[in-house]
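Shown next, in structure tokens, is the structure this report addresses.
Naming: A, B, ... by sequence-line order, numbering from 1 per chain. FYI, side chains are in, hydrogens and waters are out, and symmetry mates aren't considered; it's all heavy atoms of this structure.
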Number of protein chains: 2
Amino acid sequence: MHQRLIARLQAVSGLAQEELAVLNALPHTVRSLDDRESILKEGDGAFNCVVLISGFLYRRKIVGDRNQILSLHVPGDIPDLMTLYLPTMDHDLISVGQSVVGTVPHAALRAMFDRQPSLVHTFWRETLIDAAIFRHWVGNLGALDALHRVAQLFCELAVRLEFVGLLNRGSFAFPLTQADIGSACGLSTVHTNRTLQALRRRGLLEWRGEMVTLPNRGALEALADFNADYLQRSSKSA
Amino acid sequence: MHQRLIARLQAVSGLAQEELAVLNALPHTVRSLDDRESILKEGDGAFNCVVLISGFLYRRKIVGDRNQILSLHVPGDIPDLMTLYLPTMDHDLISVGQSVVGTVPHAALRAMFDRQPSLVHTFWRETLIDAAIFRHWVGNLGALDALHRVAQLFCELAVRLEFVGLLNRGSFAFPLTQADIGSACGLSTVHTNRTLQALRRRGLLEWRGEMVTLPNRGALEALADFNADYLQRSSKSA
DNA sequence: CGGAGTATTGAGGCCTTTCAACTTAAGTGG
DNA sequence: CCACTTAAGTTGAAAGGCCTCAATACTCCG
């Protein structure tokens, strides 16, 4: 069931045999979520971590008079891993579309770390990649205009979905609305709409129903000046 | 010498006696840096971590055609702690004004973790707080206007400096330029200047030479709608 | 005193927002 | 199966915040 998580860890960190075994033995309960159902809210104290199995989640916070989406999450992600050491949520964790999550008690994770200490590094690194994504978005939101922000968003999603085998010839299921994209990119809904039209006009994005296609990823990544290094363990040395 | 780091850890995580002893035994070399001298550059592989002893550092990246400051660092911070598991830098690390840093080999940190495994959690948590700050700034940059962004910046700095005993009756040394603040907040230099004037006009900020004073922190925090919970281990439960 | 970097000011322009109306898509009930 | 309802997407136009350009005033330092 943790296949997506394991695919992620395999792609991003690499896993040894023993580690795989221990990971597979992680106790967990499975739960389905409806569209816009929230898992955790700002201020909640967490005693479990959530592994996204299928669907999408996002983290969001009310900032000023807006709803800001802080991050999007794809299957294999553990969006609340940090609650292991910072148990009080400073934002909400919400499902977009129908999704399925596995819930793993903090205690089970700690027990796993005792049994297989090398996994501490693997999971620590997971939180570091999560941080790298936020850092990247600090740069995006601070320095890029609407077109480039949205392009960055889709480039990043494509790579992350690819890691876990959910990208098929440039296409993927995508249950978000344009308003969601706007609040992730710090844009109004209206301007998000116009920005998406610009991407469509350039032949870089197709979006029908809940299916998004990136017909020309190379061109999209060129437009966004996208580099995926921050999404994985730096493997390739100079 | 690690006094500031220890003050931070004490304020943010709490430390046991044995942990203190082990921390104090950390081998390190001390080094002085000039204004705008860089410690690490994007693409570099790191084998050490840097503890800021005095002065300021920032992390920055070129995004599009801009120089974006990703984060500011005060004494006690370890701005490149994440290189322990993600050794390739995805941004630069630079001194602002004269500063002093301690350099600790990764190997020494790992050895310390072996000797005192509880410190793994302490340092992991440090990286999680670093991440929480980035997350907070994703919200700030995505949702706030210039005045509120800059107000947030000074509120945050005040708290972080306070943790390590570098805030004296609302005043602190501050070697950054207005242009720096602009590139941290995603604003042009000109508009940053006007925004700072607005804060001064409201009696919320004084800035003479390299000294900043926040004459009315309560009012500043009210304006920014600032809540410092993200900067420390969530201690206060409901 | 001169020079360089920093801060400040004015003005025009652009990107993005807001407001408001309208269209399309999807789902419900009679 | 179609009218009705609601959410999501689209469009136009005006307003606003922030940017850029460009010139001027400081401030510090050799």
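Under 4.0 Å is where a charged nitrogen must lie from a carboxylate oxygen, and between B/Asp77 and B/Arg59 no such pair does. Taking a cutoff of 4.0 Å between a charged side-chain nitrogen and a carboxylate oxygen, B/Asp180 and B/Arg60 do not qualify as a salt bridge.
A distance of 8.0 Å separates SG of B/Cys185 from CG of B/Asn140, quoted to the nearest 0.5 Å.
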Mind listing the N/O atom pairs, protein and nucleotides 16-18 of chain D, below 3.5 Å?
unit_1	atom_1	unit_2	atom_2	d
D/dC18	OP1	B/Ala146	N	2.9
D/dC18	OP2	B/His191	NE2	3.0
D/dC18	O5'	B/His191	NE2	3.4

Collect all protein-nucleotide pairs involving nucleotides 5-9 of chain C in which both atoms are nitrogen or oxygen and the distance is under 3.5 Å.
unit_1	atom_1	unit_2	atom_2	d
C/dA7	OP2	B/Gln178	N	3.0
C/dT8	OP1	B/Arg200	NH2	3.0
C/dT8	OP2	B/Gln178	OE1	3.4
C/dT8	OP2	B/Gln178	NE2	2.6
C/dT8	OP2	B/Asn193	ND2	2.4
C/dT8	OP2	B/Arg200	NH2	3.4
C/dT8	O5'	B/Asn193	ND2	3.1
C/dT9	OP2	B/Gln197	OE1	2.8
C/dT9	OP2	B/Gln197	NE2	2.9

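For the pair B/Arg8 and B/Phe163, the cation does not sit on the ring face, since its NZ or CZ is not both under 6.0 Å from the ring centre and inside 45° of the axis.
Within the 3.5 Å criterion, the main-chain N or O of B/Ile129 finds no donor-acceptor partner in the side chain of B/Thr127. Checking side-chain atoms of B/His73 against main-chain N and O of B/Ile78 turns up no donor-acceptor pair under 3.5 Å. Side-chain atoms of B/Gln68 come within 3.5 Å of backbone N or O of B/Ser183 as a donor-acceptor pair.
In the helix from C/dC1-D/dG30 to C/dG30-D/dC1, the terminal helix axes, each the rotation mapping four pairs' C1' atoms onto the next four within five end pairs, subtend 30°, rounded to 10°.
Taking the six-membered ring where tryptophan is involved, the planes of B/Tyr230 and B/His136 are essentially parallel, since the angle between them stays under 30° and well short of 60°.
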Discussion item. Would A/Trp137 and A/Gln152 count as a side chain to side chain contact (heavy atoms under 4.5 Å, CB included) here? Give the steps.
Written reply: CA-CA 9 Å; A/Trp137 277 93; A/Gln152 281 278 157; 4.3 Å; yes
Practice prompt. Could you give me the CA-CA distance, side-chain angles and deciding distance for A/Phe154 and A/Phe174, then say whether ring pair (Phe, Tyr, Trp, His ring centres under 6.0 Å) is met?
Written response: CA-CA 11 Å; A/Phe154 283 108; A/Phe174 193 65; 5.8 Å; yes
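Nucleotide D/dT27 holds its P atom 15 Å from the CD atom of B/Glu210, rounded to whole Å.
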